[in-house]
Amino acid sequence: MERQRCIECEEIELARVRDQPPSQTMPVPYQALDGFPAGRTPRDLTRRRLLQWGIAGSASIYGAHQLGWDQIWDSVANANEAENEKCLVLIYLAGGNDGLNVMIPTEAADYAAYVAARPEIHRAQGVTPANGRVGSTPLAGPGGGALAFANVVVSKNGGGDNGQARFNFAAGGDGYGLDTLYGDGTGGPGSDLAVLPAVDAKQYSLSHFDNSDIWFAASNDQNTKTGWLGRWIDRNGKPDNPLQAVSIDTALSKAIRTERNPVCAVPSLSMSGFTNNPGGAVGGGSSDLNGVISQLAGIQAGAGNAYLQRSRYTYGLAHTTYMKVKSLTTTPSPTPTPTATPVPIAYPNTGTLSARLKTAATLLAANLGTRVITIHWGGFDTHTGQLASQDRQMAEFSRALAAFRADLQARGIEQRVATLVFSEFGRRVRENGSGTEAGTDHGIGGLMFAMGSGVRGGFAADWPGCELRELQPVNSATQGNLQVATDYRSVYKAVLDEWLGEQNSQSLLGGPVVEDLRRGDQLTGRRLFK
């Protein structure tokens, strides 16, 4: 019997470039991640010297031309000197995340309409009531009159639910949540999360595949093959540095597909070392043997026993490499203060998002000329059983995003990294089904976030309301969607103009004239960044 693929797998699969194979494959050496400690001259960048500490991972390169080893690493080494260039991390929540159950309407008429449309899956206002329904926390600052965070994305220390035992996260991280990133919501220092509700294409599709292509290409023209950030790389990137835009994935994201300049996909950055995996042993698990190997390597071989001496030297080199690698890929603790003990960065440990964000932090800290990183994570196609599925994912997302910010801070690079989060669309206002099986159908007007100390946090886009008279189509209880209050290209324009310094974003985004982003909190001046 043929195994059926889940819809979430198909969504992420079709968000990758599949009609163009990689032009070549390149090993990523640990020497590069460590900043080329042996030097940056042509002699130091030879394949043999760079690989002497081993390979961290493998990059699949997508480009118009084959590149030579020396050509690539000479370009990367030169990029290492430009340590202050701004970078963007793009996170795609595959499947159509239901923003209406993450950001809850708070105005009385809006909230009443929301509850009427969602009798099974709506959130409560304020603290969680006795029946166990998830509560909500109003946004601080000007946004509080319109929206509130569902408590599954609010930190435990902030009175939220994202630290509940049912999510089974690793210990620590109780101060990580969207609330801690949002701060006072005024757009000033410490207000580093922008909430953008009801964002979508004005000419939208309710097909996962068509609408995700629209978002990735920033175009409704199905003949457009390049991504919106890929076109930016073609204009502003290098002809010989594939690490300038990286998908942390097995294949390239359509968002960074280029016409000329090289980009790449890196599935992961692996660790080396010695472990024993006793598959049949009681308790399973693995044993770290690196200390034992180091001891064995330190025992001198007898005179004349060249083979044993060579073998122990090899073990010693492998252990030394492991320790070097560990220092590169392990998140540093935040700098201690006189009143605080340093605490390791506590990413949630239950899914793939944390591993990908850690890889992103490692690449960005290495200063390899990386300007854009993409991460695809899903699935959010919650037609049924929405509460159990979405709550777990959004709790993980809220903690992982805050941990990522802390990780970048600990590495000393957070001030030059911005993160943009989107899904291909939202969900209908009215729920499907009943009881624990209730969910929502494909809808329009999805939820975006922008995060970083350079982001002007707060209520950063218009909220159209969710009363029946405000829906699209108007007064349609069964088919009603949120109005698209903000063209997604307006957000892209702000990213290109304000963060990446693009001088002609309209030519990259195409189509009708792209309007400036209009903030819901009415802050003027720069719209999305400080």
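Bear in mind that the values here come from a model prediction, so they are computed numbers and not experimental data.
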Do the side-chain N and O atoms of Ser247 and Ser253 include a donor-acceptor pair separated by under 3.5 angstrom? no

Between Gln20 and Arg257, do the side chains contain an N or O donor and an N or O acceptor separated by less than 3.5 Å? yes

Looking only at non-hydrogen atoms, find the nearest pair between Pro464 and Ala485 and report the distance. CD-CB, 4.1 Å

For the atom pair CG (Leu100) and NE2 (His122), what is the distance rounded to the nearest 0.5 Å? 12.0 Å

Taking NZ, NE, NH1 and NH2 as the nitrogens, is one of them in Asp391 or Arg123 under 4.0 Å from a carboxylate oxygen of the other? yes

For Tyr111, ring-ring contact (aromatic ring centres under 6.0 Å, His included) partners two or more places apart: Tyr114

Check: Ile61 and Val263 side chains under 4.5 Å, non-hydrogen atoms: no

Output for pair (Ile444 CD1, Gln472 CD), nearest 0.5 Å, gives 4.0 Å

Nearest atoms (heavy-atom pairs only) where Asp521 meets Pro142: CB-CB, 3.7 Å

Under a plain distance cut-off of 3.5 Å, with no hydrogens placed, do Thr106 and Gln125 share a side-chain donor-acceptor pair? no

Do the rings of Tyr492 and Trp228 sit parallel, tilted or perpendicular, given the 30° and 60° boundaries? parallel

To check you understand the geometry: which heavy-atom pair defines the closest contact between Pro105 and Trp463, and what is its length? CB-CZ2, 4.0 Å

Can a donor-acceptor pair be found between the side chains of Asn211 and Ser205 at a distance below 3.5 Å? no

Could you tell me if Glu502 and Asn236 have a donor-acceptor pair between their side chains, going purely by distance under 3.5 Å? yes

Counting only N and O atoms by type, is there a donor-acceptor contact under 3.5 Å from the side chain of Glu431 to the main-chain atoms of Ile121? yes

Are Arg427 and Asp441 close enough for a salt bridge, meaning some N to O gap below 4.0 Å? no

Would you check, one step at a time, whether the test side chain to side chain contact (heavy atoms under 4.5 Å, CB included) holds for Thr419 with Ile91? CA-CA 7 Å; Thr419 302; Ile91 301 177; 3.7 Å; yes

Has Glu120 got a side-chain atom pairing as donor or acceptor with Gly433's backbone, closer than 3.5 angstrom? no

Any donor-acceptor pair under 3.5 Å from Glu470 side chain to Gln483 backbone: no

Inspect the surroundings of CZ in Arg526 and state if more than 12 heavy atoms from other residues, nucleotides or ligands are less than 6.0 Å away. yes

Can you confirm if the aromatic rings of His376 and Phe216 lie within a centre distance of less than 6.0 Å? yes

Under the 3.5 angstrom rule, does the side chain of Ser212 hit a backbone N or O of Phe209 as a donor-acceptor pair? yes

Would you confirm whether the ring centroid of Tyr92 sits within less than 6.0 angstrom of the ring centroid of Phe422? yes

Assess whether side chain to side chain donor-acceptor pair (under 3.5 Å) is satisfied between Asp497 and Ser505, documenting all intermediate values. CA-CA 7 Å; Asp497 292 350; Ser505 58; 2.9 Å; yes

Between Arg527 (side chain) and Leu517 (backbone), is there a donor-acceptor pair under 3.5 Å? yes

Decide whether Asp192 and Ser453 meet the rule of one side-chain donor and one side-chain acceptor closer than 3.5 Å. no

Under-4.0 Å salt bridge between Lys202 and Asp487: no

Does either side chain, that of Thr226 or that of Glu259, offer a donor lying less than 3.5 Å from an acceptor on the other one? no

Heavy-atom pair of closest approach, residues Leu482 and Gly445: CD1-O, 3.8 Å

Within-4.5 Å side-chain heavy-atom neighbours: Asn162 and Val154: no

Flag side-chain contact, heavy atom, 4.5 Å: Ile248 against Ile373: yes

Can you check whether Arg519 reaches Arg456 side chain to side chain, under 4.5 Å on heavy atoms? yes

Sidechain-backbone polar pair: Arg392 side chain, Phe167 backbone, donor-acceptor under 3.5 Å: yes

Worked verdict on Trp499 versus Leu528 for side chain to side chain contact (heavy atoms under 4.5 Å, CB included): CA-CA 9 Å; Trp499 185 249; Leu528 193 54; over 6 Å; no

Begin with the C-alpha distance, continue with both residues' side-chain angles, and end with the deciding distance and a verdict on side chain to side chain contact (heavy atoms under 4.5 Å, CB included) for Met103 and Phe149. CA-CA 5 Å; Met103 305 305 307; Phe149 284 123; 3.5 Å; yes

For Thr350 versus Phe169, what's the shortest heavy-atom pair and its separation? OG1-CE2, 3.3 Å

Please check this pair: side chain of Trp215 against backbone of Glu424, looking for a donor-acceptor N/O pair closer than 3.5 Å. yes

Heavy-atom side-chain contact between Thr382 and Thr440 under 4.5 Å: yes

Qualifying residue for side-chain contact (heavy atoms from CB on, under 4.5 Å) with Phe397, from Leu178, Val153, Val102: Leu178

Could Lys238 and Asp240 be called an ion pair, given the rule that one side-chain N must be under 4.0 Å from one carboxylate O? no

Within the side chain of Gln244, is there an N or O that forms a donor-acceptor pair under 3.5 Å with the backbone of Asn241? yes

Contact check, side chains of Met394 and Asn97, non-hydrogen atoms, under 4.5 Å: yes

Carefully, step by step, assess Asn101 and Arg118 under the rule side chain to side chain donor-acceptor pair (under 3.5 Å). CA-CA 10 Å; Asn101 256 26; Arg118 299 184 170 203; 2.9 Å; yes

Without swapping roles, check the side chain of Glu498 against the backbone of Phe529 for a donor-acceptor pair under 3.5 Å. yes

Neighbour count >12 (heavy atoms, 6.0 Å) for atom NZ, Lys530: yes

Considering residues, nucleotides and ligands other than Gln203, do more than 12 of their heavy atoms fall under 6.0 Å from its CD? no

Identify the heavy atoms of Ala461 and Pro197 that sit nearest to each other, and give their distance. O-CD, 3.8 Å

Decide yes or no for Leu139 and Tyr182: does some side-chain heavy atom of the first lie under 4.5 Å from some side-chain heavy atom of the second? yes

Is the Tyr347 to Phe404 ring centre distance short of 6.0 Å? no

One pair to check against side chain to side chain contact (heavy atoms under 4.5 Å, CB included): Thr258 and Tyr62. What are the steps and the verdict? CA-CA 8 Å; Thr258 59; Tyr62 296 75; 5.9 Å; no

Does one side chain, of Ser507 or Arg235, offer a donor that lies under 3.5 Å from an acceptor on the other? yes

Test your reading of the model: is there a side-chain donor-acceptor pair from Arg371 to the backbone of Gly237, 3.5 Å cut-off? no

CG/Asn475: more than 12 non-hydrogen atoms of other groups inside 6.0 Å: yes

Find out whether Leu147 and Ile104 are in side-chain contact, i.e. whether some heavy atom of one side chain is under 4.5 Å from a heavy atom of the other. no

May I ask you to check whether Ser155 and Asn157 show a side-chain donor-acceptor distance below 3.5 Å? no

Salt bridge (charged side-chain N to carboxylate O under 4.0 Å, His left out), that's the test. Do Lys358 and Asp407 meet it? Break it down for me. CA-CA 8 Å; Lys358 288 180 184 179; Asp407 192 346; over 6 Å; no

